[in-house]
Amino acid sequence: MEKSLYEMYENEIKTLEQEIQELTKQYEDNQQKEQLAEEEIEEAIKCHRGKTDFESRTSESLADMRHELEQLESEFSFLTKLSGIVFTRYSKQTVDKDENKCTERHKITGNCYLLPFQIECTLLKVQNKESISSVVTDLSIIIESSEYSDLSKFVSRAVETKNLLLFFRSLSSFAEWCNRRKHTFLHFKERYPEIVRLPEGSSADYMVLRNPKLSGCELIVVWKIQINEEGIVTPVLDLLTKIPEQALRLDKKKVIEKTPLCFQNLLDAFGIECAIDNVLKAFCLEEGGSAIDK
Amino acid sequence: MMAGSSCVLCLIPRVLGHLEKLEAYSHKLTLKQEEIKKKQEKLAKMTAMIQRLKDKRDRLKTKMALQGGMPVKQLLQKEASSRTSLSLGKTQEAILEMKLKNVKAMLQAYYLTGISAKRINQGMCVCISTAYEGNYLDSYYLDLFVQKPIQIRQHSVPPFIPLEQIAKQYLQLDIKCFLSVLSNHLNAYAGRKYQADWFQDSSDTLLSGTLHRNSLCNLLSFAYNVEWENRTVCFKVKLVYGDIARSLPTEAIISCEETISPSLENLISSHSALFRQKALHNVFGFFQAERESLSQMGTSLTSHVSLL
């Protein structure tokens, strides 16, 4: 009975999460389409008004334009896959221009693995003898980072130093790690539904392992993704143990004390996914904790 | 009497047995109660989670309902009929133009992210741009042949960047990862070079003598003057960038020709720490600000530095 209740709840959570994900995507798509549509028409008509006297394009040249657009769009989707960063809306405005200097306002809306961002920046471009140098003179970044304290600290530092490029690079690697963590957690949850629990969902930073035969004993895999001041992203994994006192007293070889260290060794030797897999198998699939101390 | 006591005596084991049973039972009960409590707590947590998710979903739904708006086609017709003398065909043409302009602009703007690319026959041309703080600096190009095994056909990456080594490690496994590592190296180099250039440009005011550097800019040496106990002391610095994927040094060795006293040693170690933590221009900006505040306060530098 109880078990089925749990299952019911867990299923409900899963469905809700899926639903939210789908809705978010749909919402973003709509937002983009609609705003583009309205804005496009406004702008397009404005542009066109001046040249209404021009002759209409031939149907061939229109077809060419369509073809070009298709190609550029596929180019764009290729680029977003390569960089992990998707621009959904972009506008550029030249605010000020003289002989060899010009100031541009850029507005970019986009996302990186479903982590949405909004950026406004001012670029000062100076034409030198050989090249054009661009300097970010003003930068504001809006990103939903309340869940990730490291990220929000990093973002404010990026804004302070106006380092837009570093922001993009670190965001992309941060989001990629979050994505990998999520997939890994879900993979284990799917493979070992009896053992793995994700009490706060798949996007949280921990996963709980429980041996069905050892009630009260749990291992918690904590996987944090840190960004330092220089924008370097590092995954930090820890294995915590939750063992009842009675069991601790039986632990003469101090296996439990050593577990976190052993986990670090496993991580170094096998990599993340494989290390988790090893721990899971040792703790939950074979006899008791005997295999942990290897 | 005898009979009675023996009767009581023979009752004792039974009573004890019963008590034991009771105790075991009560123990079991507490265990069970605890278990139930735990389960209830867990269920309560799950219920709360479900509620949170439901709220989130409902908020999203409301947002989407508000989004509503008109389908594009209707919008088009509306525009075409009411506002202008443009026909529907004309409006569509105008929109096509606009879309083209938009995609082109977006593709161009990708250089801001540090990595942009173009497909060329059987491969792609990747452009890695670099920046230090707000300054966009040099861009580098790689011409990749994408059929496995992926090959680098041409590139403009400087020879002192360990491109081959990075390619060996990542290129076949994960091209995104390869580009990201290479971009780190190029950006770190750009950052070190930027700092060294900045320093050289401001040489008269800060430097004493010339600045020496190697091509990868992971070894800088220079000298600068410090006011110390009402004298000018020359510090010779060697900055070693042990991690070439970073733009901050891992070692800052400072030497000076004065006889080293404890207070001078303090000064040296605080300067050395600053070089390891901050960009060059920030370090000297810090010295400058310090000098100014000191001259205002009229105290000696040493007493202040010893506070650091």
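Each chain gets a letter, A, B and so on, in the order the sequences are listed, and its residues count up from 1. Quantities reported herein were computed from a predicted structural model and do not represent experimental measurements.
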Quick one: what part of [X] sits under 4.5 Å from any heavy atom of chain B, side chain, backbone, both or neither?
X: A:R157; result: neither
X: A:F78; result: side chain
X: A:L123; result: side chain
X: A:E75; result: both
X: A:E176; result: side chain
X: A:I108; result: side chain
X: A:S134; result: both
X: A:S172; result: neither
X: A:K125; result: side chain
X: A:T24; result: both
X: A:L166; result: neither

Nearest atoms (heavy-atom pairs only) where [X] meets [Y]:
X: B:R246; Y: A:I232; answer: CG-CD1, 4.0 Å
X: B:T130; Y: A:L165; answer: C-CD1, 3.9 Å
X: B:I115; Y: A:L79; answer: O-CD1, 4.3 Å
X: A:L69; Y: B:V103; answer: CD1-CG2, 3.9 Å
X: A:F168; Y: B:L112; answer: CD1-O, 3.5 Å
X: A:G84; Y: B:K176; answer: CA-NZ, 4.2 Å

- Message: Which one wins on heavy-atom pair count under 4.5 Å against chain B: A:V135, A:L139, A:L171?
- Response: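 Looking at each of A:V135, A:L139, A:L171 in turn, A:V135 comes out on top.
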Roughly how far, to the nearest 0.5 Å, is [atom2] of [Y] from [atom1] of [X]?
X: A:E12; Y: B:M49; atom1: CD; atom2: CE; value: 11.5 Å
X: B:R57; Y: A:E17; atom1: CZ; atom2: CD; value: 13.0 Å
X: A:R66; Y: B:L100; atom1: CZ; atom2: CG; value: 10.5 Å
X: B:K45; Y: A:E200; atom1: NZ; atom2: CD; value: 8.0 Å
X: A:L124; Y: B:Y136; atom1: CG; atom2: OH; value: 14.0 Å
X: B:Q277; Y: A:E229; atom1: CD; atom2: CD; value: 9.0 Å

Heavy-atom cut-off 4.5 Å, strictly under: side chain, backbone, both or neither for [X] against chain A?
X: B:L179; answer: side chain
X: B:K118; answer: both
X: B:S180; answer: neither
X: B:N135; answer: both

- Message: Taking CD in B:E41 as the centre, count heavy atoms belonging to other residues, nucleotides or ligands within less than 6.0 Å. Is the count above 12?
- Response: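 Enclosed: over 12 neighbouring heavy atoms sit under 6.0 Å from CD of B:E41.
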- Is it the case that more than 12 heavy atoms not belonging to B:K56 sit under 6.0 Å from its NZ atom?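 At most 12 heavy atoms, drawn from other residues, nucleotides or ligands, come within 6.0 Å of this atom.
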- Can you tell if the side chain of A:R169 reaches within under 4.5 Å of the side chain of B:S183, non-hydrogen atoms only?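 Yes - at least one pair of side-chain heavy atoms lies under 4.5 Å apart.
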- Among the options B:R52, B:R119, B:M46, pick out the one with the most heavy-atom pairs lying under 4.5 Å from chain A.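 Answer, by heavy-atom pair count under 4.5 Å with chain A: B:R119.
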- Item | salt bridge (charged side-chain N to carboxylate O under 4.0 Å, His left out) evaluation trace for B:K104 with A:E68 | CA-CA 10 Å; B:K104 277 182 191 162; A:E68 194 188 350; 3.4 Å; yes
- Message: Given 3.5 Å as the limit, does a donor-acceptor pair link the side chain of B:Y110 with the main chain of A:F87, or not?
- Response: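 Checked: pair present.
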